[in-house]
Chemist: 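First the structure, then my questions, so here it is.
So that the names make sense, note that chain A is the first sequence line, chain B the second, and so on, each numbered from 1. Quick caveat, the model's predicted, so the values are computed rather than measured.
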Protein chains: 2
Amino acid sequence: MTGTERPSLVEQCRDNGWRITGQRRVILDVIEKTDDHPDVEELHRRIRGIDPGVNIATVYRTLNKLADENLIERHMFDDGRLRYEPAPDAHHDHFIDVETGEVIEFVSEDIERMQDEIARKHGFEIVSHKLEIYVKRRP
Amino acid sequence: MTGTERPSLVEQCRDNGWRITGQRRVILDVIEKTDDHPDVEELHRRIRGIDPGVNIATVYRTLNKLADENLIERHMFDDGRLRYEPAPDAHHDHFIDVETGEVIEFVSEDIERMQDEIARKHGFEIVSHKLEIYVKRRP
DNA sequence: TTTGCAAGTGCGAATCATTTGCAACAAAGA
DNA sequence: TCTTTGTTGCAAATGATTCGCACTTGCAAA
């Protein structure tokens with residue numbers, strides 16, 4: 001048997017007191033199916049594939065609200081646009097393939113631990129962090 | 001005695017075939033004196049303090065050219081504007097104090113080493129990387 | 001089931017940092 | 001000094017994101 005399922009985004013939003021509109025249903029649905037790191041334009045493209053009437057301003061507003069409540073994660077890599085992914089179960093960092101633009105997730109307990117240590121040494125407490133490694137495939 | 005001095009930015013630019021105009025002399029001078037991570041507006045403010053006639057478009061153009069030739073380093077932290085610092089002698093990463101906006105540099109050989117290792121494990125070669133730790137001061 | 005109304009939406013205009021086109025200007029080599 | 005190009009200032013363009021506002025719609029309470 002599988003572990004406890006996380007409630008759907010729609011349910012989580014309803015719990016947070018959001019009105020579930022037709023547009024939001026579509027937007028949340030698309031996000032839930034996301035297994036990459038699309039930017040707003042790409043998300044809007046996917047959303048329009050289901051309901052062509054959803055305005056991009058609505059997409060922006062919804063994404064901001066979701067990110068504010070930590071229901072999705074927002075990134076900005078070196079191309080300068082915002083990219084989104086569903087809230088991950090566990091923190092991870094990213095490789096970005098500079099040749100293809102592909103984003104690959106990775107986890108390193110060791111690196112996390114060293115960050116804590118060095119922050120502590122400097123008298124800081126970590127609020128969040130971002131590690132992006134720009135790479136190319138080794139021949 | 002001190003080690004070999006790095007040639008001034010003006011000299012480096014001249015070596016790269018740039019024309020050394022009055023504006024550039026001022027811009028390069030201000031950058032050379034920089035020991036923080038100012039954004040373009042702040043740099044322009046400092047430059048205007050010396051020569052009020054330097055247009056911000058010129059500042060942008062010069063910064064881009066410098067960054068293209070790796071004579072300065074460009075960052076974009078979570079506030080969404082470009083910030084610059086003189087090309088560092090050695091790679092370092094950044095703490096960003098979320099309460100004050102202050103940027104603090106740090107170096108960790110250990111973290112660098114682990115990044116190499118994990119990249120290798122994934123079949124990648126590192127092109128560059130960026131580690132930003134958003135922190136607040138520990139009480 | 002209807003209704004009231006605050007929350008949500010579409011649309012176009014506004015914003016903000018950054019870039020660009022172009023005519024005037026000025027380094028630097030001949 | 002003259003000539004050739006690279007640079008500059010200015011204003012207009014860009015491109016991603018946000019905002020104002022009139023219209024619409026979920027949904028709680030009647």
Chemist: Both distances below 3.5 Å, Watson-Crick or wobble geometry, any strand: find the nucleotide opposite D:dA30.
Modeler: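 Partner of D:dA30: C:dT1.
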Chemist: Under 4.0 angstrom, heavy atoms only, what part of the nucleic acid is B:G53 near: base, sugar-phosphate, or nothing?
Modeler: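 Sugar-phosphate only.
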Chemist: Is any side-chain nitrogen or oxygen of A:N55 closer than 4.0 Å to OP1 or OP2 of C:dC11?
Modeler: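 Checking A:N55 against C:dC11: at least one side-chain N or O falls below 4.0 Å of OP1 or OP2.
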Chemist: Let me know the distance between CG of B:N16 and P of C:dA28, rounded to the nearest Å.
Modeler: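 B:N16 atom CG is separated from C:dA28 atom P by 14 Å.
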Chemist: Taking any atom closer than 4.0 angstrom to a non-hydrogen atom of chain B, what span of DNA chain D does the protein reach, first nucleotide to last?
Modeler: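 Contact span on the strand: D:dT5 to D:dC10.
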Chemist: Could you check whether the rings of A:H37 and A:H75 sit parallel, tilted or perpendicular, using 30° and 60° as the cut-offs?
Modeler: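 The arrangement is tilted - the two ring planes meet at 30° to 60°.
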Chemist: Can you run down the salt bridge (charged side-chain N to carboxylate O under 4.0 Å, His left out) pairs that involve residues 24-34 of chain B, sequence neighbours left out, and say none if there aren't any?
Modeler: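 Qualifying pairs: B:D29-B:K33.
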Chemist: Salt bridge check: are B:R113 and B:D116 linked by an N-O gap of less than 4.0 Å?
Modeler: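 Between B:D116 and B:R113 there is no salt bridge, as every charged N stays at least 4.0 Å from the carboxylate O atoms.
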Chemist: Take A:R45 and A:E42 through the salt bridge (Lys or Arg N to Asp or Glu O under 4.0 Å) test and state the conclusion after the steps.
Modeler: CA-CA 5 Å; A:R45 193 184 343 278; A:E42 172 58 23; 2.9 Å; yes
Chemist: Does this structure show an ion pair linking A:D36 with A:R46, if we count only N-O contacts that are shorter than 4.0 Å?
Modeler: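 A salt bridge is present here (some side-chain N lies under 4.0 Å from a carboxylate O).
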Chemist: For nucleotides 15-26 of chain C, read 5' to 3', which letter fits each nucleotide if B means a protein heavy atom sits under 4.0 Å from the base, S means only the sugar-phosphate is that close, and - means neither?
Modeler: --SBBBB----B
Chemist: Could you please spell out the steps behind the ring pair (Phe, Tyr, Trp, His ring centres under 6.0 Å) verdict for A:F77 and A:H94?
Modeler: CA-CA 10 Å; A:F77 303 133; A:H94 299 94; 5.3 Å; yes
Chemist: Please determine whether a side-chain nitrogen of the Lys or Arg among B:E132 and A:K130 lies less than 4.0 Å from a carboxylate oxygen of the Asp or Glu.
Modeler: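 A:K130 and B:E132: salt-bridged.
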Chemist: Decide ring pair (Phe, Tyr, Trp, His ring centres under 6.0 Å) for B:F106 and B:H92; before the verdict, give the C-alpha distance in whole Å, the side-chain angles of both, and the deciding distance to 0.1 Å.
Modeler: CA-CA 6 Å; B:F106 71 89; B:H92 60 249; 8.6 Å; no
Chemist: Would you say a side-chain N or O of A:T62 is under 4.0 Å from OP1 or OP2 of C:dG8?
Modeler: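 No, outside the criterion.
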